Structures are given as structure tokens and as C-alpha cells.
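To keep things clear, I will list the structure first and then write my remarks on it.
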Amino acid sequence: MTAPTLAGTLRWMEILVALAVVQSTLELLVVRRAFADDGTWRWASLSREMPLLAPLLRYRPFVALLIMRLIAALLLLAGMRGAVAPILWITSLLVNVRFRGTTNGGSDMMVMVVLAGLAVAHLFPDSILVVHAAVLYVAAQTFMSYFIAGIAKLGSAAWRDGSAMAAFLRTPHFAVPARLVALLDSAPRRRTASCGVIGFECAAPLALLQPLACATYTLVAFAFHVGNAWAFGLNRFVLAWGAAWPALLYASSLMA
């Protein structure tokens, strides 16, 4: 397997995180009436907590911010660097602040991690040391996102015996497909599925051994995230983590 180059790694990160931002921004623009002045996520609910941000986060300015974010993502997708990634990081931070954290769980935070790495790499393109550090930062965060989650689940009796899986399946807002609910309708099956998730996440150190092992792990991770998108509607996770996998692959090539 050919070792990934630093330039190629950065380009794949740019393409995939740009697509992730385009996806999330278009989703927000489609439901923009929900954060209008008479919507569910209206600014009035937050204005007392963040009055200084009112000029940016009220309905009309926020829609303009989303459009700016979309344009910046398209520019990054087209290969433009310079201030594009820093602008994307700032606008993404403001979107997260507008929703008091995240709108789609950990995927928003992973996008922030990748954009932070790219922003630093783009601001200091002539320093190989800084660019390496930026990419390895993303790789480290990606590794920990799986491994720490796996260790936490391993220490949870509810995850080990499958009862946590049962709780997820019963959560109404996930709208889990009936076929999956039927497939996991017994405790032994739920326990097996839970152990599979724990095993996958705890196996993250294997991804750092060498590029082929990392490529295999990321293929499993892809299937895992696609499965979660189908089962629980976590559609943003595929591209969010996908944007970080090139950094993990690059790190594995340095370890080989």
C-alpha cells in the first residue's frame, strides 16, 4: 500500500470536511424558518444569555452567516486556501454557539477539530513542522474519539449487557427502523451487537500500527457510521469522521 503524502492528506481533508460543512449548512438553510423570530429556535430564547452576539445571530444575520459558510465551504472544495479554513472554523463556531453547543452531537465537534487543523496548516503553510503538528492533532483526536468511547462503554454494565442498546432502540426521536428493532428483539442479540461496538472502538490502537491496518479499520468505521446513519439518523457523522480519516491514515504511515 502506497504511503499517503502530506499534501494528499491535506487535500482529502479539505474535500471531505468541505462536503460535511455543505451538508450541515444546507440542512440548516432548509429548516431556517425554525429559527426565525416566531420559530422554535428563535433568537429571543437566547438573547439574554448572549446579547453581544445579537448582530450576528438574529434571524436574518444568521441566515447570511450560513450562506457565507456555504460559500466558504465551496471555495475550500474548489481548492482555495489562505483564510478560507479559518473563516469556516469561525462561522462553524458561531453556528454551534447559536444552538448552545451542537446541532448534531459529536459530528459538529469533529468538523471543528478538522477545520482547526486545516486552519493552522493553511495559516502556516511554509512550516512543515506546524503542518505536521496540525495533521497529527486531527489524527490524535480521531483516535481518541473511538478509543475513549470504547473504554467508557467497556466500563459500563449497561453497554456490556446490551441494556444501553435497548434504550437507544426505544428512544422515540431516533425513529429506529422496525427491521432493526425486530432484529435486536432479544437480549443475546443486543448483547452481541453491543460487544461488537465496544470491540470496534477499543480496537482503535490497531489503526496506528501501519497503513493497511488503518485502512481496514477506517472501512469498518465507514460501515459503522453508515449503519448509525440508517439506524439512528446520524447522517452527518459519515462525512465528519470521514474528513478526519486521512489524518489517521497519515499518522499510521509514520508509525510503520
Side-chain angles (χ1 to χ4, degrees), residues 16-17 19-31 33-35 39-41 96 99-111 113-114 141-207 212-245 248-249:
L16 292 169
V17 81
L19 290 173
V21 172
V22 168
Q23 177 190 20
S24 63
T25 306
L26 288 177
E27 287 179 358
L28 289 173
L29 286 171
V30 167
V31 298
R33 288 302 307 169
F35 42 83
T40 304
W41 297 327
N96 289 337
F99 292 98
R100 300 182 71 175
T102 63
T103 57
N104 201 247
S107 65
D108 293 328
M109 291 299 99
M110 184 54 71
V111 165
V113 165
V114 177
Q141 291 292 330
T142 308
F143 165 77
M144 289 189 292
S145 72
Y146 291 118
F147 188 60
I148 292 177
I151 294 300
K153 290 182 179 69
L154 185 61
S156 168
W159 267 99
R160 293 195 306 272
D161 65 19
S163 56
M165 181 75 69
F168 277 110
L169 295 172
R170 291 195 303 266
T171 304
H173 69 261
F174 281 140
V176 180
R179 283 179 293 173
L180 182 60
V181 174
L183 179 65
L184 299 176
D185 64 349
S186 69
R189 290 180 181 179
R190 288 193 295 270
R191 187 161 52 249
T192 300
S194 292
C195 289
V197 172
I198 293 170
F200 156 67
E201 292 181 335
C202 286
L206 297 176
L212 182 58
C214 188
T216 302
Y217 188 85
T218 54
L219 283 174
V220 176
F222 175 74
F224 172 74
H225 289 298
V226 169
N228 280 335
W230 171 71
F232 304 111
L234 301 176
N235 58 310
R236 293 189 191 176
F237 282 59
V238 180
L239 284 172
W241 261 265
W245 293 333
L248 194 63
L249 282 164

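Keep in mind that the numbers below use all heavy atoms, side chains included, and drop hydrogens, waters and symmetry copies. Values in this document were obtained by computation on a predicted structure and should not be read as measured data.
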statement: Residues at least two apart in sequence or cross-chain that pass side chain to side chain contact (heavy atoms under 4.5 Å, CB included) with Gln23, listed by chain then number, are Glu27, Asn235, Arg236, Leu239
- prompt: Does the Thr25 side chain pair with the main chain of Val22, one donor and one acceptor, at a distance under 3.5 Å?
  reply: no
- prompt: Among all residues two or more places apart in sequence or in another chain, which pass the side chain to side chain contact (heavy atoms under 4.5 Å, CB included) test with Phe174?
  reply: Phe168, Thr171, Val176, Phe232
task: Take Asn96 and Met109 through the side chain to side chain contact (heavy atoms under 4.5 Å, CB included) test and state the conclusion after the steps.
output: CA-CA 9 Å; Asn96 289 337; Met109 291 299 99; 3.3 Å; yes
query: Between Phe237 and His225, how do the two ring planes meet: parallel, tilted or perpendicular, split at 30° and 60°?
result: tilted
message: Could you work out, with side chain to side chain contact (heavy atoms under 4.5 Å, CB included) as the rule, every residue matching Ala223, not counting sequence neighbours?
response: none
message: The test is side chain to side chain contact (heavy atoms under 4.5 Å, CB included); show your working for Asp108 and Phe99 and say whether it passes.
response: CA-CA 11 Å; Asp108 293 328; Phe99 292 98; over 6 Å; no
message: Any side-chain to backbone donor/acceptor pair from Ser163 onto Ala158? Under 3.5 Å, distance only.
response: yes
Donor-acceptor under 3.5 Å (Arg191 side chain, Gly162 main chain): no
query: Pairs in or reaching into residues 146-169: which pass salt bridge (charged side-chain N to carboxylate O under 4.0 Å, His left out), with residues at least two apart or in two chains?
result: Lys153-Glu201
message: Strictly by salt bridge (charged side-chain N to carboxylate O under 4.0 Å, His left out), give each pair with a member in residues 179-188 just once, sequence neighbours left out.
response: Asp185-Arg189
For Phe200, ring-ring contact (aromatic ring centres under 6.0 Å, His included) partners two or more places apart: Tyr146, Tyr217, Phe224
task: Measure across Ala240 and Ala20 and return the closest heavy-atom pair with its distance rounded to 0.1 Å.
output: N-CB, 4.1 Å
